[in-house]
Structures are given as C-alpha cells and as structure tokens.
Amino acid sequence: MLGSLLDLNLEGMAFVLTALFVVLTIEQYFNSSVRFPFIAAVGAGALSLILFSPDNMLLISIILGTLILMGREKLMQGNISANKGMRKPNAVAAQPVQVQDGSKEEN
C-alpha cells in the first residue's frame, strides 16, 4: 500500500542497474585469479544469443552457464579423487653404504 502512494520516476533505472552490474563484474574479474567462470559466462551468453531470440537469451544463458560450471566442478572433483588413488613415486630412499671395513654407514 505504501508503495502505491509513492510517485517515483524510474525512467533511467534499467540503465543504472545494467551499468552497476557491468562495473561489479569488471571489478570481480580484476580481483579474481580464476578466469574460467567469466569465460564460461561470456561463451554461454554468446551461444544463447546466437541460437535463441534476445527475449529468451538471458534465462537460457544463465542456465547454460550454470550447467557449464557444474560440469567443470564435477570433472575437477573426479580428477582430484582419481589422483588421490595414484601415488607419486617417492625419491630414492637413502640406502646404507658398505664401507671397506665391513660396517654400514647411513647416508
């Protein structure tokens, strides 16, 4: 009820929100060491813009980007668990050295 009493001019709000989103995304990009989510988002947006109408592009690109990131996370988790089962070969352990007098000396 209170909102209906207010008479606000929201004419430029769409531009302001878009500009805010772009500025926050650029700041996050420069402060992040991981670039893949940004690349996935741009790729999903471009692909959905090419394949679908601009009216449906935003929702489809969000879904596609989320699926890409989820798939990559599953793939990374699978690689980590597969690597845990494989042990890297250790360096050659120090072997006792036979000294001429018959005693053993440790390296």
Answer yes if L10 and V16 sit in the same cluster of Ile, Leu, Val, Met, Phe, Trp and Tyr residues linked by side chain heavy atoms under 4.5 Å apart, and no otherwise. no

Shortest non-hydrogen pair, A40 vs L69, comes out as CB-CD2, 4.2 Å

Here the gap from I39 atom CD1 to Y29 atom OH, rounded to the nearest 0.5 Å, amounts to 6.5 Å

Between S61 and G45, the two heavy atoms sitting closest are CB-CA, 3.7 Å

- Query: In terms of hydrophobic clusters joined by side-chain contacts under 4.5 Å, are M57 and L47 together?
  - Reply: no

Taking a hydrophobic cluster as the set of Ile, Leu, Val, Met, Phe, Trp and Tyr residues connected by side-chain heavy atoms closer than 4.5 Å, whether directly or through intermediates, do L49 and I68 fall within one such cluster? no

Report whether I63 and L51 are members of the same hydrophobic cluster (ILVMFWY, side-chain heavy atoms less than 4.5 Å apart, transitive linking). no

Here the gap from I80 atom CD1 to L75 atom CG, rounded to the nearest 0.5 Å, amounts to 10.0 Å

Looking only at heavy atoms, the pair that brings S48 and I60 closest together is CB-CG2, 3.9 Å

Working note: M70 + K74, criterion side-chain contact (heavy atoms from CB on, under 4.5 Å); need CA distance, chi angles, decisive distance, verdict. CA-CA 6 Å; M70 287 172 57; K74 290 277 189 185; 5.6 Å; no

The reported gap from CD1 in I26 to CZ in F21 (rounded to nearest 0.5 angstrom) is 10.5 Å

Note to self: Do F38 and V22 sit in one hydrophobic cluster, given that two such residues count as connected whenever their side-chain heavy atoms are within less than 4.5 Å of each other, even indirectly?
What the structure shows: yes

- Message: How about CZ on F36, more than 12 heavy atoms from neighbouring residues, nucleotides or ligands closer than 6.0 Å, or not?
- Response: yes

